[in-house]
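Reading through the structure tokens given below for one structure.
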Amino acid sequence: MQNLTSPPSGFCPEPLVDRELIKVKGKFFFLGDQKFFLKGVSYGPFSIGTHGESFPEKPVVEKDFAMMAELGANCLRTYTVPPDWLLDLAAIYGLRLLIGIPWSQHIAFLDSSTTKAEIRNCIVQGVKACRDHRAAFAYLVGNEIPPDIVRWHGAKRVRAFVKELMTVAKDNDPEGLVSYANYPCTEYLNINFTDFSCFNVYLHREQDFRHYLSRLHNLAEDKPLVLSEFGVDSMREGTQAQADILCQKLSSSFEMGAAGTIVFSWTDEWFTGGFAIQDWAFGLVDSERLKKPAFQTVQQYYTAPLPPVLPEYPKVSVVICAYNAERTMDSCLASLKELNYPNYEVIVVNDGSGDRTLEITQRYDNVRLISQENKGLSVARNVGIAAATGEIVAFTDSDCTVDPDWLTYLVAKFLDSGLAAVGGPNLSPPEESLVPTCVAVSPGVPTHVLLSDQVAEHIAGCNMAFRREVLQEINCFNPLFRAAGDDVDICWRLQDKGYTIGFTPTAIVWHFRRNTVAAYLKQQQGYGKAEALIYFKHPSRFNLLGQPQWLGRIYGDLSAYLRFGQPVIYSGVFGRGLFQTLYEPGSSLISYLPLTLEWNLTALILFVSALLSGDRPWLSAAMFLTSVSWCVVGALQARIDSRFLGVRARLLVAMLIYLGPLVRSVERYRWRIKELTKVEPIKFDQM
């Protein structure tokens, strides 16, 4: 038997010395300043060994961990709480543990207060056993609660209980990460409150897997997506088919920006329900630890650089249009300098700035600087396009910083799809005070609108890229739009020409929102003006009140909570559908009516009328209270940074939900009237 305090002779893994905490930043994990991609395998469950734990004997575990390190794995997922000696061994081999804490989830657990208390205690004890160990990465407070149990209790109650368990885990290890392993049968649970999103997915066809992965990214929203289980049964498919299918899955997962993968499983040895399972063989190694072809396949991906190397790297011209951007210009350009993309240029169009924007930009020798008098955003974008030498032109804003792999994920989508345009999300970085934190979660921020999980109706101007020849074909941006609306106009013009706009959720930019209430309201005024101008170019895309009428779903704001209609779940026959998808109702005018200027003016008129006549004063009060309730519901659902969470923050968000649309509407009407006065009246000849 080998010494368990050191690795075998000739093998040199990088051990975990201290507990280096993995942090979540947007769609990825970070270890310090570097991205940390989870490359894992599942381990167990096993029969109870002579040591009294549900794991193999210590020499076998040590051999397993040495082979996992050879595989390139940095994580293993357990289904039971590991003992200290196993955690110690994992640390020696540089392995972190995604720790599943088992409990009775296949019974009607919410029907008994005693059972619920026992489950909470399981979570407490499981977290306490591992919380200070350097090999503990994260906890799973549940795994695949069966759909019949969820339907018995109701999805709302089950979701609330999982959220409660997450809180219990966080209370006992505030610095630890916590998640829940969901699966397609209960996709509708919408577990969006965890630190990262986990999904177990078994789809063998590559196209189906890629499509579902796109959906999971959107369900995960702005959090890392970990594929916490996927695998192939070599007994039924054959060992070579197992390797081929895993190759497709790993290729798709990392190309599409998964933050981690857990291959099920490490070994064919599998024990559950009191029995050893003999008719499945999902392992990368067999029960005797002999490698299957799948081992080399997984090793190929787990030892390769991430994100994966692209087949080609077309030149990209990154254009930033700056006007009085001294507050954020330095951080923007610094982030662009750190891009992990070998073939790009940065073009800054200084659009008549009167502050230190020019001075800051001149410090960067990798930037092509063009200065001009102030001509507005669209003209500045067109100047950047004219100067671009890349076949792809990407835009971000001076108040953004970009993820190091931003261009890699954008270009990967272009290469995979042949699309004319591709965009990604813009996320709010953590703010250091209450007001900008509240502004960041209020309605009206720039965001994307998706027609499907991969096709966009609109991509935000701070994160969009186009093939240069397509921009030239449609005469680039319309100079009419000086400050906003340019992105909406060009997206709709592209679609009118028959082009499709793609979306990739992992091409991230971090967008600093307005840092005062006045600045936020001024921004809404600008959007109102832009909507009025766009109306005259695309009148069929607006509703009766002059608001844009989106065909797709708006992501990244509170609109989902300000909507009538209950989501519909496809459950399959007898609730046994393998992919029980939640379909949300589309947006409608009625959903937003209580926040419109027209509604509130009507309430004011009725109130004045009631004061004068004394007739039906309750009607105006009911309308006003409806508006207030809409704002309160939205504010209660807003994901406010926990550092500033409180009544004051909720009230401020509620106020912004109310004021934003009103300010926007007033400006929209003002500019529509202004533009209508420019129209020449039709003159009829006198007869």
Side-chain angles (χ1 to χ4, degrees), residues 4 38-69 71 73-93 95-106 122-123 125-127 129-130 133 135-144 179-181 183 198 200 202 226-235 242 246 260-292 294-295 298:
L4 296 181
L38 277 187
K39 295 176 285 188
V41 292
S42 66
Y43 198 56
F46 300 100
S47 60
I48 296 176
T50 59
H51 42 58
E53 306 287 349
S54 298
F55 290 97
E57 300 301 323
K58 292 181 182 180
V60 176
V61 172
E62 185 173 19
K63 180 179 180 180
D64 285 341
F65 287 3
M67 293 178 70
M68 289 179 195
L71 181 75
N74 58 21
C75 175
L76 65 145
R77 175 185 173 182
T78 66
Y79 296 86
T80 54
V81 178
D84 285 343
W85 61 263
L86 189 140
L87 288 164
D88 291 340
L89 266 180
I92 291 171
Y93 288 92
L95 297 168
R96 290 173 167 83
L97 270 69
L98 177 57
I99 301 162
I101 304 175
W103 48 271
S104 305
Q105 53 190 37
H106 290 76
C122 283
I123 301 300
Q125 297 306 317
V127 172
C130 304
H133 202 282
F137 161 67
Y139 310 97
L140 293 177
V141 295
N143 177 67
E144 295 187 2
S179 190
Y180 166 84
Y183 68 139
C198 277
N200 305 335
Y202 290 83
V226 173
L227 297 171
S228 44
E229 262 189 32
F230 61 77
V232 182
D233 178 13
S234 64
M235 187 175 292
Q242 179 194 33
L246 284 178
T261 59
I262 306 291
V263 177
F264 183 89
S265 64
W266 169 247
T267 172
D268 289 344
E269 183 183 351
W270 191 30
F271 189 92
T272 187
F275 299 95
I277 306 301
Q278 303 291 338
D279 61 344
W280 280 0
F282 280 80
L284 300 181
V285 299
D286 64 20
S287 298
E288 303 302 319
R289 275 42 178 189
L290 297 176
K291 298 173 184 175
K292 301 181 189 177
F295 183 98
V298 174

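Just the heavy atoms: all of them, side chains too, but no hydrogens, waters or symmetry mates, feed the values below.
The main-chain N or O of F282 is found under 3.5 Å from a side-chain atom of Q242 such that the two form a donor-acceptor pair. Counting only distance, with no hydrogens or angles, the side chain of N74 and the backbone of K39 share a donor-acceptor pair below 3.5 Å. A donor-acceptor pair is defined here as one N or O able to donate and one able to accept, closer than 3.5 Å; such a pair exists between the side chain of W103 and the backbone of V141. R77 places a side-chain N or O within 3.5 Å of a backbone atom of S228 that can act as its donor or acceptor partner. Looking only at distances, a side-chain donor or acceptor of D268 sits under 3.5 Å from a matching main-chain atom of G283. Distance alone, capped at 3.5 Å, places no donor-acceptor pair between the E53 side chain and the P82 backbone. Under a 3.5 Å cut-off, the side chain of S234 and the backbone N or O of A281 do form a donor-acceptor pair.
The CG atom of L89 sits 11.5 Å away from the CG atom of D84 when rounded to the nearest 0.5 Å. Atom CG of residue L227 and atom SG of residue C198 lie 9.0 Å apart, to the nearest 0.5 angstrom. Summarising the geometry, atom NE2 belonging to H133 is positioned 4.0 Å from atom CG belonging to D88; distances are rounded to the nearest 0.5 Å. To the nearest 0.5 angstrom, L71 atom CG is 11.5 Å from L76 atom CG. Summarising the geometry, atom CG belonging to L95 is positioned 9.5 Å from atom CG belonging to L86; distances are rounded to the nearest 0.5 Å. Atom OH of Y43 and atom OG1 of T80 lie 10.5 Å apart (nearest 0.5 Å).
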Residues M67, W266; criterion side-chain contact (heavy atoms from CB on, under 4.5 Å); working and verdict: CA-CA 10 Å; M67 293 178 70; W266 169 247; 3.5 Å; yes
F271 vs I277, side-chain contact (heavy atoms from CB on, under 4.5 Å): CA-CA, chis, key distance, verdict: CA-CA 6 Å; F271 189 92; I277 306 301; over 6 Å; no
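Relative orientation of the W85 and H51 rings is tilted, given thresholds of 30° and 60° on the angle between their planes.
Between I101 and C122, the shortest heavy-atom distance links the atoms CG2-O, 3.5 Å. Closest heavy-atom contact between A90 and A135: CB-CB, 4.3 Å. In plain terms, the two heavy atoms of Q105 and G142 that are nearest each other are OE1-CA, 3.9 Å. When all heavy atoms are compared, the tightest approach of L246 to G231 is CD2-CA, 4.2 Å. L284 approaches A294 most closely through the heavy-atom pair CD2-CB, 3.8 Å.
Neither side chain, Y79 nor N143, offers a donor N or O lying under 3.5 Å from an acceptor on the other.
Looking at F137 and L97, their side chains never come closer than 4.5 Å, going by heavy atoms from C-beta outward. Residues L140 and Y180 have side chains not in contact (no heavy-atom distance under 4.5 Å, counting atoms from C-beta outward). With a 4.5 Å cut-off on side-chain heavy atoms, T267 and F46 count as touching.
In this structure, W270 has its ring center under 6.0 Å from that of F264.
For the pair K292 and D286, the salt-bridge criterion is not met [side-chain N within less than 4.0 Å of a carboxylate O].
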